[in-house]
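From a predicted model like this one, the values you see are computed outputs, not experimental measurements. Position 1 is the first residue of the sequence; numbering continues from there.
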Amino acid sequence: MPADAPAAPADRDPHVLRRTEGRAGLLTLDRPRAINALTHPMVRALDAALADWGDDPAVATVVLRGAGERGLCAGGDIRAIHDDARAGGTATAAFWRDEYRLNARIARYPKPYVALMDGIVMGGGVGVSAHGSVRVVTERSRIAMPETGIGFVPDVGGTWLLGRAPGELGTHLALTGGEIGAADALLTGLADHHVPAAALDALTADLTRLPVEEALARHTTAPAPGVLAERRAWIDACYAAPTVEEIVDRLLDSGVPAAKETADTLLTRSPTALKATLAVLRAVRAVDSLEAALDLEYRASCAALTGHDLVEGIRAQVVDKDRNPRWSPATLAEVTDADVARHLAPAPGGDLGLAGA
């Protein structure tokens with residue numbers, strides 16, 4: 001940049017493209033090589049755009065998209081989280097504070113917030129989309145909260161969303177971190193409408209000139225069948241168990257091949273993350289707002305940041321890519337009640353405090 005070039009505004013980021021067209025404010029996450037993974041400046045830029053447009057009478061609808069063909073957003077920048085956690089830094093906790101506030105803003109947004117959940121939508125990508133008032137999936141959607149596979153607990157309001165899915169479907173998705181497609185996203189309440197991927201450009205164009213309901217009516221179709229509805233019986237029966245150990249035992253004893261495969265999957269996840277996730281998920285079921293859920297998730301996130309498994313999980317899955325995490329404790333039986341309780345204890349640097357704001 002030339003020395004005399006004006007500095008970019010503090011609330012802008014080159015990886016978040018914002019513009020208005022017709023009656024719509026258009027936001028595009030623009031880090032396609034990283035599947036639009038969120039950085040802290042991107043979170044601040046999204047929040048600033050929503051704050052500006054919330055009071056702008058010229059903007060009737062906000063639309064969020066992801067650049068490239070791979071997905072809306074793969075989550076947060078977990079390499080940066082890995083490096084910060086190893087260094088004992090504070091950048092990640094600061095990132096989460098702003099990210100979770102953004103999630104709450106999206107959920108309370110006074111105008112239609114249309115999230116186009118095409119392709120990969122995971123972790124933080126769910127946070128910037130599934131709290132919106134209009135969630136659109138396509139035949140290419142692959143949605144997941146995969147945190148237990150990296151030694152973490154579902155955050156960005158994921159436990160609030162999954163805790164309100166029918167039966168125990170959300171518990172199943174939270175513990176396994178499994179991906180779901182369009183039909184199952186609709187079934188679990190993570191999405192509202194299915195639109196073919198090829199029609200997203202036309203839908204976006206219609207949203208710039210039409211009310212949301214009229215624009216959607218032109219493009220909404222039925223999705224291909226999912227898999228969760230036919231698995232609901234054994235999922236509900238097994239995941240109603242009081243502990244992760246008993247959930248695994250019920251899955252193994254069910255006589256259903258898919259249930260046994262699920263048990264095998266759970267036994268590859270971080271034992272600490274599994275037990276903490278179940279505890280947070282069930283605690284969130286007792287609160288009455290997304291903000292209260294985010295407060296609990298922030299506690300769990302900060303606890304994971306100072307634990308062993310988050311750094312090790314990211315190392316194994318993303319840094320070294322050996323897919324062989326060495327969890328500590330290594331088994332469910334070795335995870336103590338105290339290990340779980342620290343995920344629900346006040347954060348050392350201070351709680352998020354959204355519920356009381």
Side-chain angles (χ1 to χ4, degrees), residues 10-11 38 40-55 62 75-76 81 84-85 89-113 115 123-133 135 145 147 152-165 170-171 174 189-190 273 275-307 310 337-357:
D11 61 355
L38 296 171
H40 200 165
M42 290 171 70
V43 165
R44 287 195 292 257
L46 288 169
D47 193 70
L50 294 181
D52 290 345
W53 290 340
D55 295 326
V62 172
I81 293 172
D84 185 53
T90 59
T92 299
F95 166 65
W96 285 331
R97 280 184 173 273
D98 286 344
E99 183 183 26
Y100 299 174
R101 289 188 177 105
L102 171 63
N103 302 146
R105 182 191 289 277
I106 290 169
R108 304 291 185 189
Y109 205 61
K111 299 177 180 182
Y113 178 98
V126 173
V128 296
S129 59
H131 297 299
S133 54
R135 293 89 49 90
M145 296 298 295
E147 284 76 10
F152 196 43
V153 175
D155 66 336
V156 299
T159 60
W160 172 261
L161 294 164
L162 294 176
R164 280 149 183 77
T171 310
L190 297 178
K275 287 196 171 184
T277 294
L278 187 63
V280 174
L281 189 68
R282 289 182 172 168
V284 164
R285 283 179 171 171
V287 304
D288 60 1
S289 70
L290 169 63
E291 287 80 2
L294 289 164
D295 286 345
L296 287 172
E297 289 179 353
Y298 182 75
R299 291 182 172 190
S301 297
C302 289
L305 193 62
T306 57
L310 178 59
D337 290 345
D339 292 330
V340 177
R342 67 184 292 267
H343 289 79
L344 294 171
D351 279 341
L352 186 60
L354 273 178

| task | Take L352 and W96 through the test side chain to side chain contact (heavy atoms under 4.5 Å, CB included) and record every step on the way to the result. | result | CA-CA 9 Å; L352 186 60; W96 285 331; over 6 Å; no
| message | Using a 3.5 Å distance criterion without hydrogens, assess whether the side chain of E291 forms a donor-acceptor pair with backbone atoms of L354. | response | no
| With distance as the sole criterion, is a donor-acceptor pair present between the side chains of T171 and R285 under 3.5 Å? | yes
| Any donor-acceptor pair under 3.5 Å from S133 side chain to Y113 backbone | yes
| query | Do side-chain atoms of K275 reach the backbone of D339 as a donor and acceptor pair under 3.5 angstrom? | reply | no
| side chain to side chain donor-acceptor pair (under 3.5 Å) pairs, two or more places apart, involving residues 344-357 | R299-D351
| query | Does the N103 side chain pair with the main chain of G157, one donor and one acceptor, at a distance under 3.5 Å? | reply | no
| field | For the student: nearest non-hydrogen atoms of L190 and A130, plus distance | value | O-CB, 3.9 Å
| Is a side-chain donor or acceptor of E99 paired with a backbone partner of V43 at a separation under 3.5 angstrom? | no
| Given the rule in the side chain to side chain contact (heavy atoms under 4.5 Å, CB included) test, do H131 and L290 qualify, once you have shown the distances and angles that lead to the verdict? | CA-CA 9 Å; H131 297 299; L290 169 63; 3.6 Å; yes
| task | Compare every heavy atom of L281 with every heavy atom of G163, then report the nearest pair and how far apart it is. | result | N-CD1, 3.8 Å
| note | Here the pair of heavy atoms bringing G127 nearest to I106 is O-CD1, 4.0 Å
| query | Are the side chain of Y109 and the backbone of G54 linked by a donor-acceptor contact shorter than 3.5 Å? | reply | yes
| query | CG/D98 to CG/L46 distance, rounded to the nearest 0.5 angstrom? | reply | 11.5 Å
| request: Measure the OG-CZ distance between S301 and R97 for me, rounded to the nearest 0.5 Å. | output: 11.5 Å
| remark: Correct closest heavy-atom pair for V287 and A293 would be CG2-N, 4.0 Å
| field | Stepwise side chain to side chain contact (heavy atoms under 4.5 Å, CB included) check, M145 with L161 | value | CA-CA 11 Å; M145 296 298 295; L161 294 164; over 6 Å; no
| request: Can you measure from CG (L310) to CD (E147) and round to the nearest 0.5 angstrom? | output: 10.0 Å
| N/O donor-acceptor pair under 3.5 Å between R164 side chain and G170 backbone | no
| query | Would you call the rings of Y298 and Y100 parallel, tilted or perpendicular if under 30° counts as parallel and over 60° as perpendicular? | reply | perpendicular
| Residues R44 and D47 bridged, charged N to O under 4.0 Å | no
| task | Can you see which heavy atom on G124 is nearest to which on L38, and at what distance? | result | O-CD1, 3.8 Å
| Which atoms form the tightest heavy-atom contact between V153 and A276, and what is the distance? | CG2-CB, 3.8 Å
| said: I'd like to know if the side chain of D295 reaches the main chain of A355, judged simply by a donor and an acceptor atom lying under 3.5 Å from each other, with no hydrogens or angles considered. | reply: yes
| said: Quick one, T159 with L296, criterion side chain to side chain contact (heavy atoms under 4.5 Å, CB included). Give me CA distance, side-chain angles, the key distance, then yes/no. | reply: CA-CA 10 Å; T159 60; L296 287 172; over 6 Å; no
| said: If I take atom CZ from residue F152 and atom CG from residue L305, how far apart are they, to the nearest 0.5 angstrom? | reply: 8.0 Å
